[in-house]
Colleague: 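Dropping the structure in here first, questions after.
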Protein chains: 2
Amino acid sequence: MSSEIIHMVTVGQIIRAKRESLGLLLRHVASYLDIDQAILSKIERNERKPTKDNIIKLAEILNLDKEDLLVQFISERIAYEIADEECASKVLKVAEEKVKYLKSNLVKK
Amino acid sequence: MSSEIIHMVTVGQIIRAKRESLGLLLRHVASYLDIDQAILSKIERNERKPTKDNIIKLAEILNLDKEDLLVQFISERIAYEIADEECASKVLKVAEEKVKYLKSNLVKK
DNA sequence: ATTTCACTTGACATGATTTGTCAAATATAA
DNA sequence: TTATATTTGACAAATCATGTCAAGTGAAAT
């Protein structure tokens, strides 16, 4: 058993890797997303956050699983949101209960 | 075993109940928080979201457990954020892994 | 070495959201 | 009615999100 550093793969990294493996250019993909290539460049380097729409279109054009990518995206956002809280783990547990309640009652936002 | 409706207690409800039980007025508590009483009124009725600072000061003046109240507050925010996602539960699980990674590496925001 | 191409960078614009103020309206009780 | 507590909605200011644009960088081809 060797000790290794586990890397957290970011959505940006996933996107860039897949885009390059498909031989697509920033401007091609950005055009599909209807945004400037500068933004996509920043998204891939975690300098800007994608919108949900960006994620959906990225999954389409890069042939990635849409739900997987969304899960990565949203969980990444939440993780950064609470990572500096002592009680982060407890927060997630309580959040799960609240989500169950909200879903079971179809409460409107 | 009777079937009951489980209610989600909101931070606003917790605060209002405690404030009233202590016989404190909106303007007294709001003054301590350094905000207008109109805002506090809205916070208690879930019409506005408190800031983190609001929560901390509320715990102080209302003699509530600071960490508990923070957990309720943040988890409530997250729950509303993702409740409309199909994959909400998966998101929380993945978020927990990411949080562990972020904490273990003390990554700066 | 110059040109070309993909990408990166930072200044800026604009609109949405957050966070608050204020005063009038309402409700409750003396 | 009067006084007090709360609620409401219009508004303002600050902050954040999202995007444009053009100049800059780096690497490969000629």
Side-chain angles (χ1 to χ4, degrees), chain A residues 10-62 69-70 72-85 108-109, chain B residues 10-59 61-62 69-70 73-85 108-109:
Chain A
T10 68
V11 169
Q13 289 166 343
I14 293 170
I15 291 165
R16 169 146 297 187
K18 190 69 194 247
R19 178 178 63 79
E20 290 180 341
S21 82
L22 293 174
L24 298 173
L25 300 181
L26 276 181
R27 76 183 124 91
H28 294 140
V29 175
S31 156
Y32 184 81
L33 304 195
D34 205 26
I35 59 175
D36 194 281
Q37 69 168 10
I39 296 179
L40 183 54
S41 169
K42 286 166 184 166
I43 288 172
E44 289 187 343
R45 287 170 300 105
N46 304 309
E47 209 183 289
R48 287 264 183 128
K49 285 179 187 172
T51 65
K52 193 175 170 181
D53 182 65
N54 292 158
I55 292 294
I56 291 168
K57 290 209 172 102
L58 280 166
E60 285 168 11
I61 196 174
L62 298 177
L69 200 60
L70 262 180
Q72 290 301 318
F73 163 58
I74 302 173
S75 63
E76 192 172 305
R77 182 156 51 73
I78 289 178
Y80 277 105
E81 215 174 297
I82 65 173
D84 59 336
E85 302 289 343
K108 297 270 169 60
K109 203 172 189 181
Chain B
T10 68
V11 169
Q13 289 166 343
I14 293 170
I15 291 165
R16 169 146 298 187
K18 189 69 193 244
R19 177 177 64 80
E20 289 180 340
S21 83
L22 292 174
L24 298 173
L25 300 181
L26 277 180
R27 74 182 127 91
H28 295 139
V29 176
S31 158
Y32 184 80
L33 305 194
D34 205 26
I35 60 175
D36 194 281
Q37 68 168 12
I39 296 179
L40 183 54
S41 169
K42 286 166 184 165
I43 287 172
E44 289 187 344
R45 287 171 297 108
N46 305 308
E47 210 183 287
R48 287 267 182 125
K49 286 179 186 171
T51 65
K52 192 175 170 182
D53 182 65
N54 292 158
I55 293 295
I56 291 168
K57 291 209 172 102
L58 280 165
I61 195 173
L62 297 179
L69 200 59
L70 261 181
F73 163 59
I74 302 173
S75 63
E76 192 171 306
R77 185 156 49 72
I78 290 177
Y80 277 105
E81 216 175 295
I82 66 172
D84 58 337
E85 302 289 342
K108 298 267 168 62
K109 203 174 188 179

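FYI, side chains are in, hydrogens and waters are out, and symmetry mates aren't considered; it's all heavy atoms of this structure. None of the values given here were measured: they were computed from a predicted structure.
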Colleague: Nearest whole Å is fine: how far is C:dT17 C1' from B:Arg77 CZ?
Modeller: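 One finds 14 Å between C1' of C:dT17 and CZ of B:Arg77, rounded.
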
Colleague: For B:Tyr80, is the NZ or CZ atom of B:Arg77 found under 6.0 angstrom from the centre of its six-membered ring and inside 45 degrees of the ring axis?
Modeller: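 No, cation not above the ring by the 6.0 Å, 45° rule.
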
Colleague: Which parts of residues 16-23 of chain B get close to DNA chain C, meaning a heavy atom less than 4.0 angstrom away?
Modeller: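 Contacts with DNA chain C under 4.0 Å: none.
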
Colleague: Side chain to side chain contact (heavy atoms under 4.5 Å, CB included) for A:Leu58 and A:Leu40? Distances and angles first, verdict last.
Modeller: CA-CA 10 Å; A:Leu58 280 166; A:Leu40 183 54; 4.2 Å; yes

Colleague: Can you tell me the distance, in whole Å, between the CD1 atom of A:Ile55 and the P atom of D:dT18?
Modeller: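 Answer to the nearest Å: 12 Å.
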
Colleague: I'd like to know if B:Glu44 pairs up with B:Lys18 as an ion pair, taking the criterion as any Lys NZ or Arg NE/NH1/NH2 lying under 4.0 Å from an Asp or Glu carboxylate oxygen.
Modeller: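 So B:Glu44 does not pair with B:Lys18 through a salt bridge.
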
Colleague: Could you state the CD-C1' distance from B:Glu44 to D:dT7, rounded to the nearest angstrom?
Modeller: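 Computing the B:Glu44:CD to D:dT7:C1' distance gives 12 Å.
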
Colleague: Please give, in whole Å, the distance from D:dT4 P to B:His28 NE2?
Modeller: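 Rounded to the whole Å, the gap is 12 Å.
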
Colleague: Using a cut-off of less than 4.0 Å, is there contact between a side-chain N or O of B:Ser41 and OP1 or OP2 of D:dT7?
Modeller: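 Checking B:Ser41 against D:dT7: at least one side-chain N or O falls below 4.0 Å of OP1 or OP2.
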
Colleague: Contact between B:Leu62 and B:Leu24 at the side-chain level, heavy atoms closer than 4.5 Å - yes or no?
Modeller: yes

Colleague: Salt-bridged, B:Glu76 to B:Lys49, with N to O below 4.0 Å?
Modeller: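 Salt bridge between B:Glu76 and B:Lys49, a charged N being under 4.0 Å from a carboxylate O: no.
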
Colleague: Without decimals, in angstroms, what is the distance between A:Asn46 CG and C:dC7 P?
Modeller: 17 Å

Colleague: Would you kindly give the CZ-to-P distance between A:Arg45 and C:dT8, to the nearest whole Å?
Modeller: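 Value for this atom pair: 5 Å.
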
Colleague: Taking all atoms of both residues into account, what is the closest heavy-atom pair of A:Ser41 and A:Leu26, and its distance?
Modeller: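 Of all heavy-atom pairs spanning A:Ser41 and A:Leu26, the closest is CB-CD1, 3.8 Å.
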
Colleague: Are side-chain heavy atoms of A:Arg19 and A:Arg16 found at a separation under 4.5 Å?
Modeller: yes

Colleague: Anything under 3.5 Å between a protein N or O and an N or O of nucleotides 19-26 of chain C, put it in a table, one pair a line.
Modeller:
| unit_1 | atom_1 | unit_2 | atom_2 | d |
| --- | --- | --- | --- | --- |
| C:dG20 | N7 | B:Arg48 | NH1 | 2.5 |
| C:dG20 | N7 | B:Arg48 | NH2 | 3.3 |
| C:dG20 | O6 | B:Arg48 | NH2 | 2.7 |
| C:dT21 | OP2 | B:Asp36 | N | 2.9 |

Colleague: Identify each atom pair where a protein N or O and an N or O of nucleotides 25-30 of chain D are less than 3.5 Å apart, giving names and distance.
Modeller:
none

Colleague: In whole Å, what is the span from the CD atom of B:Glu47 to the C1' atom of D:dT8?
Modeller: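 Checked: the CD to C1' distance equals 8 Å.
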
Colleague: For the side chain of B:Gln13 and the backbone of B:Thr10, is there at least one donor-acceptor N/O pair under 3.5 Å apart?
Modeller: yes

Colleague: Could you grab the distance from atom CG of A:Leu69 to atom CG of A:Asn54, nearest 0.5 Å is fine?
Modeller: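 Answer for the CG-CG pair, A:Leu69 versus A:Asn54, is 10.5 Å.
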
Colleague: Would a 4.5 Å heavy-atom cut-off, applied to side chains only, mark B:His28 and B:Gln37 as touching?
Modeller: no

Colleague: Can you tell me how far apart CD1 (B:Ile43) and CD1 (B:Ile35) are? Round to the nearest 0.5 Å.
Modeller: 4.5 Å

Colleague: What integer distance in Å separates B:Tyr80:OH from C:dT18:P?
Modeller: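 For the pair B:Tyr80 OH and C:dT18 P, the rounded distance is 15 Å.
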
